[in-house]
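Since we're looking at a predicted model, the values are computed, not measured.
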Amino acid sequence: MFQLITQISEVDFFQTKEKSLLYAKKDGKFYFNTKEIVIHKPITGGSLLSEDYIIVNTENEQIILDSLFTLIKQIDNKTLITDIFYNVPSNKVISFNTEFLKNGDINCHWGALNILADNIIDDFNITTPYCNPLVIKKNRIYFHFHNKKIVCYEIRTGQTLWSFELDTKYNWFAVNTDEERENDILKFVSTYDNNIWMCLGSGKLLAISSETGKAKYYLTSPTKFINKQFDFPDEEVGVFGYGTQFDISQSIIFGSISTYYGEVDLKSPLDEYFMYDISTSCKQHKIQMDRMVGFEGDEIYFYEGGSNNRFGVFSRSKKEIIWSSEIPEAKDQFPAIKKMEYSNSKLYILDYFDTLHIFEKE
């Protein structure tokens, strides 16, 4: 299904985006696709999204990238504009700069920028503990505090509209233990139908109303558990972690861990939450489905992690692994696979020995 097309040795890190590849080698040189680029200067402390920005010079233009390989627009020496947020409305994005305060709080200056005219048309200040912006929707911005709390602000005024915080009713117990643990927010997934869907540390899904901040859905157990091989309570299996994906075309959230795969149809989440035991398929391919890195159509791309040097493709329709391969050089190393990404019909895999393997779909 995939064939190896090239290998790049001594790679320190890499990021992909659509048809582009950015990577740095151990000697400190940066490459954009296959061409070497020059680091112009670093920008530090510039935003909530990343501690470091770099300005690089390509052959034709100067570009600014963050650590997530997001293109940045620089308005002046203090203001960086990122395209990572949704437009609010068309031709506007949210700009920000930050001031780190001695008490650990940060003063955030936010504004709605008109990209075409390069002028800020709405702005406000928020002083908060360290936080991460989740999403912008309908002139509201939602922040994520210390993995426990979400606060909604009105963009034009900075007014707090509502807040939601995980309390003890969301505590959970790990499989086969009596240890009660506090839950936390792992990942934002979707804003489908005016609900903010997120993954919790327990592997469960929680949805709160983007309008009111009230909890709407808390999915602890599947509607149906298919091909279940082991006898344990359904609520002990949580498959929605960092790798969880959202298929906007079908309104389906899906996730996996170990030998389990789960799907939730957001059109009717209380009725169509299905869990599948895929242990037979995992055993055949000698791999567990722990780390999903992306999907395209029916195919999910994943690797196990740890000392397992294998990676594979899972079929959403067949509910089984349909192809797998390995990095022979990394066998029995830890971590055998440091990082894997899927982009533009290619798999990019960085192994234990810092070799970047690039596979292309046949």
Side-chain angles (χ1 to χ4, degrees), residues 129 131-132 134 144-151 163-190 192 195-209 213-246 252-266 268-283 287-293 300 302-308 314 319 334-335:
C131 57
N132 295 309
L134 278 178
H144 168 201
F145 293 88
H146 300 296
N147 301 324
K148 296 289 185 182
K149 185 177 182 180
I150 295 176
V151 179
S163 65
F164 171 86
E165 189 165 7
L166 294 176
D167 56 28
T168 56
K169 72 180 178 182
Y170 297 103
N171 289 0
W172 62 291
F173 295 87
V175 177
N176 295 326
T177 73
D178 294 326
E179 179 187 355
E180 184 174 3
R181 303 180 182 181
E182 291 186 359
N183 233 325
D184 53 10
I185 300 168
L186 281 185
K187 179 182 179 178
F188 157 77
V189 185
S190 165
Y192 181 82
N195 292 317
I196 299 176
W197 285 88
M198 65 200 82
C199 305
L200 302 184
S202 58
K204 311 302 184 182
L205 285 177
L206 173 66
I208 64 175
S209 168
K214 302 296 183 182
K216 293 287 291 295
Y217 302 103
Y218 181 39
L219 305 185
T220 60
S221 301
T223 308
K224 189 174 182 180
F225 207 133
I226 302 168
N227 296 328
K228 188 175 180 180
Q229 302 293 312
F230 302 99
D231 186 20
F232 51 77
D234 291 355
E235 62 270 15
E236 290 191 358
V237 180
V239 299
F240 300 105
Y242 286 113
T244 299
Q245 306 286 326
F246 175 57
I252 290 177
I253 291 177
F254 52 91
S256 66
I257 191 169
S258 185
T259 58
Y260 303 99
Y261 171 77
E263 287 185 343
V264 177
D265 188 335
L266 297 191
S268 52
L270 296 180
D271 300 320
E272 297 189 48
Y273 170 16
F274 301 138
M275 188 83 74
Y276 301 85
D277 188 321
I278 57 171
S279 55
T280 299
S281 181
C282 290
K283 186 175 181 180
I287 187 173
Q288 294 186 359
M289 198 170 165
D290 281 331
R291 303 188 183 189
M292 296 194 305
V293 301
I300 298 173
F302 71 96
Y303 68 107
E304 179 176 332
S307 59
N308 194 325
F314 180 85
K319 305 297 187 293
F334 185 92

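- The minimum heavy-atom distance linking L270 with T223 is given by the pair O-OG1, 3.3 Å.
- Looking at D290, its side chain does come within 3.5 Å of a backbone N or O of S258 through a donor-acceptor pair.
- I150 approaches M198 most closely through the heavy-atom pair CD1-CE, 3.5 Å.
- The CD1 atom of I196 lies 9.5 Å from the CD1 atom of I185; values are rounded to the nearest 0.5 Å.
- Shown here for S307 and F334, the closest heavy-atom pair between the two residues is N-CD1, 3.7 Å.
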Report the C-alpha distance between Y303 and N308 in whole Å, list the side-chain angles of each, state the deciding distance to 0.1 Å, and finish with yes or no for side chain to side chain contact (heavy atoms under 4.5 Å, CB included). CA-CA 8 Å; Y303 68 107; N308 194 325; over 6 Å; no
I'd like to know whether Y218 forms a side chain to side chain contact (heavy atoms under 4.5 Å, CB included) with K169, so could you lay out the CA-CA distance, the side-chain angles of the two residues, the decisive distance to 0.1 Å, and finally the verdict. CA-CA 11 Å; Y218 181 39; K169 72 180 178 182; over 6 Å; no
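- A distance-only check finds a donor-acceptor pair linking the side chain of N183 to the backbone of Y170 [under 3.5 Å].
- From E263, atom CD reaches atom CD1 of I252 across 5.0 Å, with rounding to the nearest 0.5 Å.
- Proximity of D184 to K148: side-chain heavy atoms (C-beta onward) are separated by under 4.5 Å at one or more points.
- Using a 4.5 Å heavy-atom cutoff, the side chains of L200 and W172 are not in contact.
- Judged by distance alone, with hydrogens and angles left aside, the side-chain atoms of K204 form a donor-acceptor pair with the main-chain N or O of T220 at under 3.5 Å.
- K187 contributes a side-chain N or O that, together with a main-chain N or O of Y242, makes up a donor-acceptor pair within less than 3.5 Å.
- Taking 4.5 Å as the limit, some side-chain heavy atom of P269 sits within range of a side-chain heavy atom of W197.
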For residues 271-282, run the donor-acceptor check on the side chains, cut-off 3.5 Å, and write out each pair with its distance to 0.1 Å, sequence neighbours left out.
from	atom 1	to	atom 2	distance (Å)
E272	OE2	S268	OG	2.9
D277	OD1	S279	N	2.9
D277	OD1	S279	OG	2.7
D277	OD2	Q229	N	3.0
S281	OG	I321	N	2.7

CA sep, side-chain torsions, deciding dist, call: V189, F240, side chain to side chain contact (heavy atoms under 4.5 Å, CB included): CA-CA 10 Å; V189 185; F240 300 105; over 6 Å; no
One pair to check against side chain to side chain contact (heavy atoms under 4.5 Å, CB included): M289 and Y261. What are the steps and the verdict? CA-CA 8 Å; M289 198 170 165; Y261 171 77; 4.2 Å; yes
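- Nearest heavy atoms, L205 versus C199: CD2-SG, 4.0 Å.
- In this structure F302 satisfies the ring-ring contact (aromatic ring centres under 6.0 Å, His included) test with no other residue, sequence neighbours excluded.
- Counting non-hydrogen atoms of other residues, nucleotides and ligands closer than 6.0 Å to CD of E182 gives a total of 12 or fewer.
- Checking side-chain atoms of K216 against main-chain N and O of L206 turns up no donor-acceptor pair under 3.5 Å.
- The minimum heavy-atom distance linking Q288 with E304 is given by the pair N-OE1, 2.9 Å.
- Distance check, rounded to the nearest 0.5 Å: NZ of K149 to CG of L166 gives 11.5 Å.
- Pairing each heavy atom of N195 with each of A207, the nearest pair is CB-CB, 4.3 Å.
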